[in-house]
Asker: 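One structure follows; several queries about it will come next.
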Amino acid sequence: MFDIAWSTIKNRKGGFVAAFIAVICGSAVITACGVLFVSGLLSGVAPERYAGATVMVGGRQTKDVKENFDPYYAERVTVPASVAEQISRVDGVEKVVRDHSVEMTLQKDDGSARGEPVPLEHPLYGHGWSSAALGPFELAEGSEPGGAGETVLDAGLARAAGVKVGDTVRLSVGTTPQDYKVAGLVDAPANGLDRQSAAFFTDARAAGLSQRPDRLTAIGVLGEDGTDAGELAGRIEAAVTGTDVVAYTGDAIGDLEFLDVGQSRGFLVMLSASFGGTALGVVVFVVSSTLGLAIHQRRRELAMLRAVAATPRQVHKLIGSEVLLVAATGAVLGAAPGFLVAGLLRDAFADVGVLPADFELSFNPLPAVAAVLLSVLGALLAGFIAARRIARIKPVEALSESQVEKGELGRTRKAVALALLGLGLVTSIVLPLLIPGQLAIAGAGGSLLLLMVGSALISPVLVQTTTRLLTPLLMRSKVSGYLAAANSTTNARRLSSAVVPLALGTAMALMQLSMLNTVEVTAKEQAATGVVSDYVVTSGTTGLSTDLAQKVRAVDGVGTVTPVARSQVLITYVEIDKPVSNPFSAQGLEPRDLDRTLDLDVREGSLDELRGDTVALSRIAADTARLDVGDTADVDLGDGTHKELKVVALYGKGLGFGDVTLPHGMLTGHTANQQDTALLVTGEDGGGGAGGKVESGLADLADGTPGLVVQSPEEFGAVEQGEFTQQSSTSLIANALLILYVLIAVVNTLVMATTGRSREFGMLRLIGTSKQQTRRMMFLESWVVILTAVVVGIAIAIPPAVGAALGTTGQPIPYVEPLAWGGIVVFVALLGWLSISLPTRSALRGRPIDAVYATE
């Protein structure tokens, strides 16, 4: 059977090329998703400042969620200082090093109180001098810091700042500056400092700068000679009681040293798992459509086999063998480019800031193996379904069956189509009304495939309906129009194979654009209308020191100051009988006179009660976690601290300001820098202060404070959209890959459908139809295909867009950018027309008699 299949493939290359290309591209997409998933599990960055440690001990950075993904905490989980004493008693430990780290900025001494910030390629962190042994760092010049006013810089940092031993530098934590004498310089450890710069202080000074002397960033362990690092790590974890710690060894220490690496791995696992499922569904759908068309074009040949006594089993085996050969070859060839696609995705994610630029992918062979298996299995299933009808017809009916397409769709097919369309509408629109929140938004987005499959099953009916509506226009061209109308009506199944991928591409592009625009526009509107203060004070450094609020309140004419802190928290709740912990953006606020600086559109409860163990939630967060005013929310703060918080208010402007609002002190006390993001300032008279006293006073304060920036509410609102822009860009990049694959499939299918009609074109020309009339016929047919695809694409894109709008904004009307939608429709129409017209011209170049007999 494989010999016959191989002979068929060689003699009918055109019929298999399209399926071959679809499988190659599909395998590449699945491989890329697999590479991202494996990288999320295995990849990392080698340690730098901790490279000389035998074992590093830190807090557990993930929350353990049974039967689900373990999410990462946004802030560093610190370790109680008392843990160091427990570790020191473990066998094999030679030395225990307590590490306090705090992010800082460096200013040039330009004679002003503010100072000019030194542009650095990497973040600058301050540490205690004892932690230099973990590099290890070696003194190159000078001496170790001898007092609270001295520092030791790494040599690269000193060169960038243009300072030497004995000079004075200004280092700031937030907006609090301090001058230090450079006591010495150290050479970087063997691994170099490619991701950070380092400044060292006395251990006491480093503990004071961190503002949490009772908590350690990490604990370094230097083992005795001959001690196995893995065994020592196990003994340490067993010995530590009273807190949850993790002992890291080897390259895994990089996860502790660089939190962004672990968080990036978690991001990749979540993204590739969700995106990979969608990608697999789209790939199988496209491959099925392409193979269905390829087998449909061979129905005459397969009918002949049935007429000469081939059994249904033999027909299935023949088609299965052909599909297996094509799919296996294509899947193997597509796996290698999949690694390249994964690299391009990594670069794109790094460009928008969701992955570190130096994050390396793990090129493991398992994703390629999985992609080959899934592609082949999907293709075999598609081939079986496509061959099922023609394999089961009676031999006597086979030839007549092959000449004219069956007019009516089967009752089962119609019933399944209607069921899928109904389920898609329920998932996209009804679900957000009954179960609002993130689950509804995800359901609305996922409903597109249900609607697409349902539409594909009844697509011949849709083609016939479009043809009937267009027939009066088609008949204006008597010969070509008549032929186009007749072909479109009687060969609706064939045309529907071209309509399906074109409609899918249209729908995916329109839905994705609508969902992103709806959220983006709503977030901008909320940010623009939510800040009602006169001024916003922000920082160009690591943040605003928490004592700055008092200094701003002391400015003449200032009436109200609201400090705003930012972080991310986890809310745990039950979703479909399983516990899940999802991250939500969070802000910390002081409720005093909040109505004079910020309008969150409170729907229920009151923000005046935001004190102690309380929380206010956006409508989306409350609906997602099924919480209401008075309920208790299960919240993990950014550093992993667990809280049971009473819900005191629900508000509407979560997209613009964050889904979770906590008391200011609670949030800042559990962030790495314990600093504010902004101060919202309103004058005593609510209008900026008489005679511009507030503006003048804030300007004077900024002149004497490193990094301080005074903005208007409009400028601040624009800056606040950075996080959303990052998230939307991530979604756009992932979906762009699928849309590109669908577009390739569109061209692939349309070209195959057109070139497969060479014999028909030859017959038409032999009975007197001219080339021009044939091209005109195909031009008119192409518009039947294009209009059907565009209408279907728009129709199935609208319900998910409406559902997503209901889930995110509470309103059923999504934001539609007319020019963007029009541009997508025009692009799809142009793509469809070129994919039909160019192959038509090519097919008409030869002699008609050659075309007729070449395909026999």
Side-chain angles (χ1 to χ4, degrees), residues 74-75 102-103 172-177 211-212 527 530-555 557-569 585-600 602 607-616 637-639 648-649 651 653 656-684 686 688-689 694-695 697-698 701-702 704-713 715-717 719-720 723:
E75 308 286 346
V102 59
E103 190 171 3
S172 300
V173 178
T175 49
T176 304
Q211 300 182 14
R212 292 292 302 272
V531 179
V532 295
S533 64
D534 298 325
Y535 303 99
V536 180
V537 177
T538 60
S539 173
T541 60
T542 60
L544 301 174
S545 301
T546 51
D547 62 353
L548 185 67
Q550 292 300 328
K551 296 179 181 179
V552 174
R553 290 188 179 102
V555 172
V558 168
T560 304
V561 176
T562 300
V564 181
R566 298 284 187 199
S567 185
Q568 186 184 79
V569 302
S585 57
Q587 62 179 351
L589 299 175
E590 290 182 359
R592 184 177 58 182
D593 295 330
L594 185 60
D595 59 332
R596 301 192 65 206
T597 56
L598 191 62
D599 174 19
L600 292 179
V602 176
L607 291 175
D608 292 338
E609 300 179 29
L610 194 65
R611 295 179 177 85
D613 286 344
T614 60
V615 64
L637 301 178
D639 65 350
V648 296
Y651 55 91
K653 294 182 178 178
F657 297 96
D659 289 309
V660 178
T661 299
L662 297 164
H664 178 264
M666 178 189 296
L667 190 70
T668 55
H670 297 278
T671 58
N673 294 329
Q674 300 190 10
Q675 296 168 0
D676 292 324
T677 302
L679 300 177
L680 308 181
V681 183
T682 298
E684 290 176 343
V694 173
E695 184 173 355
L698 292 178
L701 183 62
T705 307
L708 202 64
V709 179
V710 180
Q711 295 179 313
S712 67
E715 293 172 321
F716 176 69
V719 172
E720 285 292 278
E723 181 180 347

Asker: Please report the shortest heavy-atom distance between Leu544 and Leu708, naming the atom on each side.
Answerer: CD2-CD1, 3.6 Å
Asker: Inspect the contact between Arg553 and Glu590 and indicate whether a charged nitrogen and a carboxylate oxygen are less than 4.0 angstrom apart.
Answerer: yes
Asker: For Ser585 and Gly658, which heavy atoms make the closest approach, and how far apart are they?
Answerer: OG-CA, 3.2 Å
Asker: Please answer whether the main-chain N or O of Thr668 pairs with a side-chain N or O of Thr671 as donor and acceptor at a distance below 3.5 Å.
Answerer: yes
Asker: Between atom CG of Leu607 and atom OG1 of Thr614, what is the distance when rounded to the nearest 0.5 Å?
Answerer: 9.5 Å
Asker: Give me the one residue out of Leu662, Thr597, Leu600 that meets side chain to side chain contact (heavy atoms under 4.5 Å, CB included) with Leu589.
Answerer: Leu600
Asker: Go through Val615 and Val660 one step at a time and tell me if the side-chain contact (heavy atoms from CB on, under 4.5 Å) criterion holds.
Answerer: CA-CA 7 Å; Val615 64; Val660 178; 3.6 Å; yes
Asker: Any chance you could measure Tyr535, atom OH, to Glu695, atom CD, to the nearest 0.5 Å?
Answerer: 4.0 Å
Asker: Can you tell me if Tyr651 and Thr661 form a side-chain donor-acceptor pair at under 3.5 Å?
Answerer: yes
Asker: Provide the closest heavy-atom pair for Val681 versus Val552 in the form atom of the first, atom of the second, distance.
Answerer: CG2-CG1, 3.8 Å
Asker: Any donor-acceptor pair under 3.5 Å linking the side chain of Arg596 with the backbone of Gly683?
Answerer: yes
Asker: I need the minimum non-hydrogen distance between Ser567 and Gly638, along with the two atoms involved.
Answerer: OG-CA, 4.1 Å
Asker: Indicate the atoms forming the closest heavy-atom contact of Ala565 with Gln675, along with that distance.
Answerer: CB-O, 4.1 Å
